[in-house]
2 protein chains.
Amino acid sequence: MPVDAIAVLAEPTRRRILDELRLADSSVGQLVEKLAMSQPAVSKHLKVLREAGFVTSRTAAQQRIYSLEPGPFRALDAWLAPYRRMWNRHLTALERHLEES
Amino acid sequence: MPVDAIAVLAEPTRRRILDELRLADSSVGQLVEKLAMSQPAVSKHLKVLREAGFVTSRTAAQQRIYSLEPGPFRALDAWLAPYRRMWNRHLTALERHLEES
DNA sequence: ACCGACTATTCCACTGCGGTTATATAACCG
DNA sequence: CGGTTATATAACCGCAGTGGAATAGTCGGT
């Protein structure tokens, strides 16, 4: 399911966008400023993120405010689950203690 | 840290390799058979996975047995952590109940 | 209805990556 | 040492994706 969700995350710029949106919903213009990149580039990445379900946009006047959607993140977490079981078997005593908290 | 770890996982073939190795350590030849792909292709993917720390290989006669390493998976999990906090705020009552188990 | 602000789309050049074929290296065996 | 098996590397090709510049679309204000 997260089939190509991971591929979407492979792009550093897209991860930066997600980092920004995690802190606050943003308009395209705000992202352009933060990322110091051309507006078309940002819009194109947003399109990819949108189609993969990572973000949604609501219209506010001429701006479009983007915000995160948890779905694909949860899917990625689910993909990771079987491996998590594996690495839990590799816990050292110290790590096992930290795991308690 | 998982900087390009995610990019490494973006490749479907590499995820298939990881899936196989999760079930059992395997030689290159065994992976070639499972994946129905040319041996050089598999070797190249293994090189990428090795350099990203996802797998290690031990030599057994002419064969090289590959096995998983938990490190990068944990790093990915760490990258996901801040987003996990986000989607936890979106839990419904039902989900919240299931989360208890 | 026109203008200005904001965003999306198109076109193009470039780069990088995955796959195959061919070849090199390494290890075991007689 | 010669031959065979097993894996890695090299060279090449085709394609997909990214970024910029230019262009089109959308919406509110006057």
Side-chain angles (χ1 to χ4, degrees), chain A residues 2-69 72 76 79, chain B residues 2-21 23-69 72 76:
Chain A
V3 180
D4 59 338
I6 299 186
V8 169
L9 294 177
E11 253 297 315
T13 302
R14 286 197 282 265
R15 289 202 294 270
R16 290 179 60 201
I17 291 179
L18 294 177
D19 280 343
E20 292 297 333
L21 293 180
R22 183 164 50 80
L23 303 179
D25 295 2
S26 309
S27 70
V28 178
Q30 289 173 321
L31 291 173
V32 168
E33 200 174 350
K34 293 273 188 184
L35 303 179
M37 192 177 315
S38 77
Q39 176 264 315
V42 173
S43 275
K44 280 192 286 189
H45 283 302
L46 286 171
K47 178 177 186 176
V48 174
L49 289 169
R50 219 187 315 128
E51 291 176 344
F54 281 97
V55 303
T56 53
S57 72
R58 61 179 187 277
T59 299
Q62 306 103 327
Q63 318 192 13
R64 308 221 177 150
I65 310 297
Y66 280 82
S67 40
L68 289 185
E69 284 296 323
L76 176 58
W79 177 85
Chain B
V3 180
D4 59 339
I6 298 186
V8 168
L9 293 178
E11 254 297 315
T13 303
R14 286 197 282 264
R15 288 202 295 270
R16 290 179 59 201
I17 291 178
L18 294 177
D19 279 343
E20 292 297 333
L21 293 181
L23 304 179
D25 295 359
S26 310
S27 69
V28 177
Q30 289 173 321
L31 291 172
V32 168
E33 200 174 350
K34 292 272 188 183
L35 303 179
M37 193 176 315
S38 77
Q39 176 265 315
V42 173
S43 276
K44 279 197 288 188
H45 283 304
L46 286 171
K47 179 177 185 174
V48 174
L49 289 169
R50 220 186 315 126
E51 291 175 345
F54 281 97
V55 302
T56 53
S57 72
R58 60 177 187 276
T59 300
Q62 307 102 326
Q63 317 191 13
R64 310 220 177 150
I65 310 297
Y66 280 82
S67 40
L68 289 185
E69 285 296 324
L76 176 58

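What you see below is based on every heavy atom in this structure, not just the backbone, and it leaves out hydrogens, waters and symmetry mates.
DNA chain D is contacted by both A/Gln62 and A/His45; A/His45 maps to the nucleotide lying nearer its 5′ end (nearest heavy atom per residue). Heavy-atom distances to DNA chain D give each of A/Val48 and B/Val42 a nearest nucleotide, and the one nearer the 5′ end belongs to B/Val42. When each of B/Ala36 and B/Ala61 is assigned the nucleotide of DNA chain C bearing its nearest heavy atom, the one mapping closer to the 5' terminus is B/Ala36.
Across B/Val8, B/Val55, B/Asp4, B/Ile17, a single residue satisfies side chain to side chain contact (heavy atoms under 4.5 Å, CB included) together with B/Val48, and that is B/Val8.
Within 4.0 Å (heavy atoms only), B/Gln39 reaches at least one base atom of the nucleic acid. If you check every strand for non-hydrogen atoms under 4.0 Å, A/Thr59 touches nothing. Heavy atoms of A/Lys44 sit under 4.0 angstrom from at least one base atom. Residue A/Ala41 is in sugar-phosphate contact alone, with no base atom involved, counting any heavy-atom pair closer than 4.0 Å across all strands shown.
Partners of A/Lys34 under the side-chain contact (heavy atoms from CB on, under 4.5 Å) rule, at least two apart in sequence or in another chain, are A/Glu20.
The partner of C/dG30, taking Watson-Crick or G-U wobble pairs whose two distances both stay under 3.5 Å, is D/dC1.
A salt bridge is absent between A/Arg16 and A/Asp19: the closest approach of a Lys/Arg side-chain nitrogen to an acidic carboxylate oxygen does not fall below 4.0 angstrom.
The shortest heavy-atom contact between A/Ala24 and A/Ser26 is O-OG, 3.0 Å.
The NZ-P distance, from A/Lys47 to D/dG17, rounds to 13 Å in whole Å. Rounded to an integer number of Å, the gap from A/Leu9 CG to D/dG17 C1' is 16 Å. Atom CD in A/Gln63 sits roughly 17 Å away from atom C1' in D/dG25 (whole-Å rounding).
Looking at heavy atoms from C-beta onward, A/His45 lies out of side-chain contact with A/Leu31 at the 4.5 angstrom threshold.
A donor-acceptor contact shorter than 3.5 Å is absent between the side chain of A/Arg14 and the backbone of A/Leu9. Formation of a donor-acceptor pair under 3.5 Å by the A/Gln63 side chain with backbone atoms of A/Ala60 is not found in this model.
Taking 4.0 Å as the cutoff to heavy atoms of chain B, we find the contact window on DNA chain C bounded by C/dG18 to C/dC28.
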